[in-house]
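All values derive from a computational prediction rather than experimental measurement. Below, chains carry the letters A, B, ... as their sequence lines are ordered, and counting in each starts from 1.
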Amino acid sequence: MKLFNSKTNKNEEFVPRHAGEVHMYVCGPTVYNEAHIGNARPIIVFDTLRRLFEAHGMNVVYASNFTDVDDKIIQKAIAENVDEKVITSRYIDAYNAVRDSLHTRPLTYAPKVTDTMDAIIAFIKALEDKGFAYNVDGNVYFRVNKVDNYGEISKQNVDDLLVGARIEEETEKESPLDFALWKKTQEGIQWDSPWGRGRPGWHTECVVMINDRFHEMIDIHGGGMDLKFPHHDNEVAQSKALLGHGIANTWMHNGMLNIDGEKMSKSLGNVMLAKDIIAKIGANATRWMLLMAHYRAPLNISEEAVVQAQTELAKVETVLKQTEIKAQLSGFSLEGPADQASMTAFFDAMDDDLNTPNGFMALFETMKPLNQALRSRTPDATIVASYYQAVRRQLDVFGIDFPVVELTQEDRDDYEAYNQAKAGKDFVKSDLIRAKLADKGKL
RNA sequence: GGUUCCUUAGCCAAGUGGUAAGGCAAUAGACUGCAACUCUGUGACCGUCGGUUCAAAUCCGACAGGAACCUCCA
């Protein structure tokens, strides 16, 4: 399998550090709001990657955090006059509900910052002891010029950053590039620390949560493109400073998502909540739509994109349903091995840096012979089953699932009556039965 | 201003040196009692202008347009 590594800007052969096992971490949300459709992209992309690894028989340890300490959370808690926990648990639940409704496989670990606080404080203290951090009146900053190759993930170099740095109003930092590890706070949730009461900076949380769970370098670190700088560069800088190694062999970043060609933002009033779109078009169509483009490319959401996803998905549903119905009426089994050529084409596409558009092509090129085999005068059950299995297995990697249609005795009787009415040219009756079968979703 | 990246048919979207995948929409036909479904056929001077090469959508340069980040938004 090849994956594009943001660290090297190259497609690289992916070799896990431990044979047969993939350790991956994806930056999770700050839980101060409902998940929007943009948040759904990394959820879907990395769940699909995980499914692909599992389809190859690998074991995946998948961690993704909840950032439940943040200014925005504190502000919201103050605005609603409640404890931060009320806010964070509300949106953690909402986020989990979105994950579940998108048919994602369960996370192995979903750590929270508040549950990792001791380790975070110890980590910052160790950075300070080694001279990588300094305390200014209760605020602790990371000394960026102490690490080599800062900016390796985003391909920024320190000189350019210094040139582009804005004049900062706060002058207590040694360098404008230094970032906060610990912030002195007067309001909101806070903890005791060697530097006084305060709360941790965002960049330390992820690196500690990763180290806390994996205790070594991991295989894949994922997240949105927008997190490359400064977040991921800062994670790497801290890890190198204290642990002497980077964080992940492979860094993967998903592209951003636009609505009708514009960035999604509150000021434009075009924020689409994930739960709303899932409720409207369903998990299958949502996943299909977000996987239509390659994960690194920008993706535009529009009414047309929704319609296209729904149309294409309907074709998949139709062929599955018709195959299942025909198999049951004809009394043959759909069990058996998947068509080998089709699966090879599919994995060739997907193993090439998760090329889902080409994966869909392989799926379409499997559906075509399935339709042909299904409609031949004397369907070959083995051939039908092999294409059917291929379609099902490919859909499973995409995380798209349709329940298997089970014909009841009444359904079988309806089919019998339908065919008889047609044979007797009683089209009024046959149309009625056909409509009934269609209503039941059994046509 | 700096960094990184993108620009392929009406639309979505693959393709990273060797005669431009796939899908949606459109259209013609086959199948059907009619329809739906399905199958078959029909579409691209690859943003513009230069350059390298026997050969470029693919490499290099310029220009135009767009995006992300540099302001703790995936």
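- Residues forming a salt bridge (charged side-chain N to carboxylate O under 4.0 Å, His left out) with A:Asp219 (at least two apart in sequence, or on another chain): none.
- With sequence neighbours left out, A:Glu416 forms a side-chain contact (heavy atoms from CB on, under 4.5 Å) with A:Gln420.
- Applying the side-chain contact (heavy atoms from CB on, under 4.5 Å) criterion to A:Ser193, with sequence neighbours excluded, gives A:Ile121, A:Trp182, A:Trp195.
- Both distances falling under 3.5 Å, in either a Watson-Crick or a G-U wobble arrangement, place B:A64 opposite B:U7.
- For the pair A:Asp70 and A:Asn11, both in contact range of RNA chain B, the more 5′-proximal nearest nucleotide belongs to A:Asn11.
- Atom C1' of nucleotide B:A74 and atom CZ of A:Phe46 are separated by 9 Å, given to the nearest angstrom.
- Summarising the geometry, the separation between CE on A:Met225 and C1' on B:U3 is reported as 14 Å, rounded to the nearest angstrom.
- Residue contacts for A:Gly223: at a heavy-atom cut-off of 4.0 Å it reaches the sugar-phosphate backbone alone, with no base atom in range.
- Atom name P, nucleotides B:C54 and B:U3: the rounded distance is 34 Å, in whole Å.
- A donor-acceptor pair is defined here as one N or O able to donate and one able to accept, closer than 3.5 Å; such a pair exists between the side chain of A:Asn5 and the backbone of A:Asn249.
- Across B:A13 and B:C34, the matching P atoms stand 39 Å from one another, rounded to whole Å.
- Heavy atoms of A:Leu257 sit under 4.0 angstrom from at least one base atom.
- Pair assignment for B:C59: B:G51, on the basis of Watson-Crick or G-U wobble contacts that are both within less than 3.5 Å.
- Rounded to whole Å, the separation between the P atoms of B:G43 and B:A36 comes to 25 Å.
- Under the rule for a side-chain contact (heavy atoms from CB on, under 4.5 Å), the partners of A:Leu329 that lie at least two apart in sequence or sit in another chain are A:Ile325, A:Leu407, A:Arg412, A:Tyr415.
- When the P atom is used for both B:A20 and B:G29, the distance is 30 Å, rounded to whole Å.
- At the heavy-atom level, A:Thr67 lies nowhere under 4.0 Å from the strands shown.
- The salt bridge (charged side-chain N to carboxylate O under 4.0 Å, His left out) check on A:Lys146 picks up nothing, with sequence neighbours excluded.
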* Encode nucleotides 34-41 of chain B as B, S and - characters from 5' to 3', where the letter depends on protein heavy atoms closer than 4.0 Å: B to the base, S only to sugar-phosphate, - to neither. => BB-BSSS-
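- When the nucleotides B:A14, B:A74, B:C70 are ranked by their closest atom to the side chain of A:Asn39, B:A74 comes out on top.
- Among the atoms of the strands shown, base atoms are found under 4.0 Å from some heavy atom of A:Gly255.
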Could you go over nucleotides 57-61 of chain B and give all protein N or O partners under 3.5 Å, atom names and distances?
none

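- Contacts of A:Lys275 classified as salt bridge (charged side-chain N to carboxylate O under 4.0 Å, His left out), with partners at least two apart in sequence or in another chain: A:Glu34.
- Rounded to a whole Å, the CG atom of A:Asn258 is 16 Å from the P atom of B:A74.
- Across all strands shown, B:G1 forms a Watson-Crick or G-U wobble pair, both distances under 3.5 Å, with B:C70.
- The C1' atoms of B:A25 and B:C12 are separated by 11 Å, rounded to the nearest whole Å.
- Taking atom CG of residue A:Leu177 and atom P of nucleotide B:U3, one finds them 15 Å apart after rounding to whole Å.
- Note: CG (A:Leu313) to P (B:G23) measures 16 Å, nearest angstrom.
- Rounded to whole Å, the separation between the P atoms of B:C6 and B:C59 comes to 9 Å.
- Each ring-ring contact (aromatic ring centres under 6.0 Å, His included) pair with one or both residues in residues 354-393 of chain A, not counting sequence neighbours, appears once here: A:Trp288-A:Phe360, A:Phe360-A:Phe398.
- Legend: residues meeting salt bridge (charged side-chain N to carboxylate O under 4.0 Å, His left out) with A:Asp353, ordered by chain and number and at least two apart, are A:Arg296.
- A:Gln238 places a side-chain heavy atom less than 4.5 Å from the side chain of A:Phe142.
- Ring pair A:Phe53/A:Phe14: centre-to-centre distance below 6.0 Å.
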I'd like a list of close polar pairs between nucleotides 4-13 of chain B and the protein, N/O only, cut-off under 3.5 Å.
unit_1, atom_1, unit_2, atom_2, d
B:C5, OP1, A:Asn9, ND2, 3.0

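- B:G41 is paired with B:U27 under the Watson-Crick or G-U wobble criterion, all donor-acceptor distances under 3.5 Å.
- Whole-Å rounding puts the A:Lys2 NZ to B:U16 P distance at 12 Å.
- As rounded to the nearest Å, B:A14 and B:U71 have C1' atoms that lie 36 Å from one another.
- The distance from atom CD of A:Glu365 to atom C1' of B:A14 is 12 Å, rounded to the nearest whole Å.
- Taking atom CE of A:Met361 as the reference point, atom P of B:C24 lies 14 Å away to the nearest angstrom.
- Using a 4.0 Å cut-off between charged nitrogen and carboxylate oxygen, A:Arg51 and A:Asp396 count as a salt-bridge pair.
- Every residue two or more places apart in sequence or in another chain that forms a side-chain contact (heavy atoms from CB on, under 4.5 Å) with A:Ala293 is listed here: A:Arg41, A:Leu299.
- As rounded to the nearest Å, B:C39 and B:G23 have P atoms that lie 9 Å from one another.
- Across all strands shown, B:G17 has no partner, as no Watson-Crick or G-U wobble contact with both distances under 3.5 Å is found.
- Remark: A:Arg213 qualifies as a cation-pi partner of A:Tyr109 under the 6.0 Å distance and 45° angle criteria applied to the six-membered ring.
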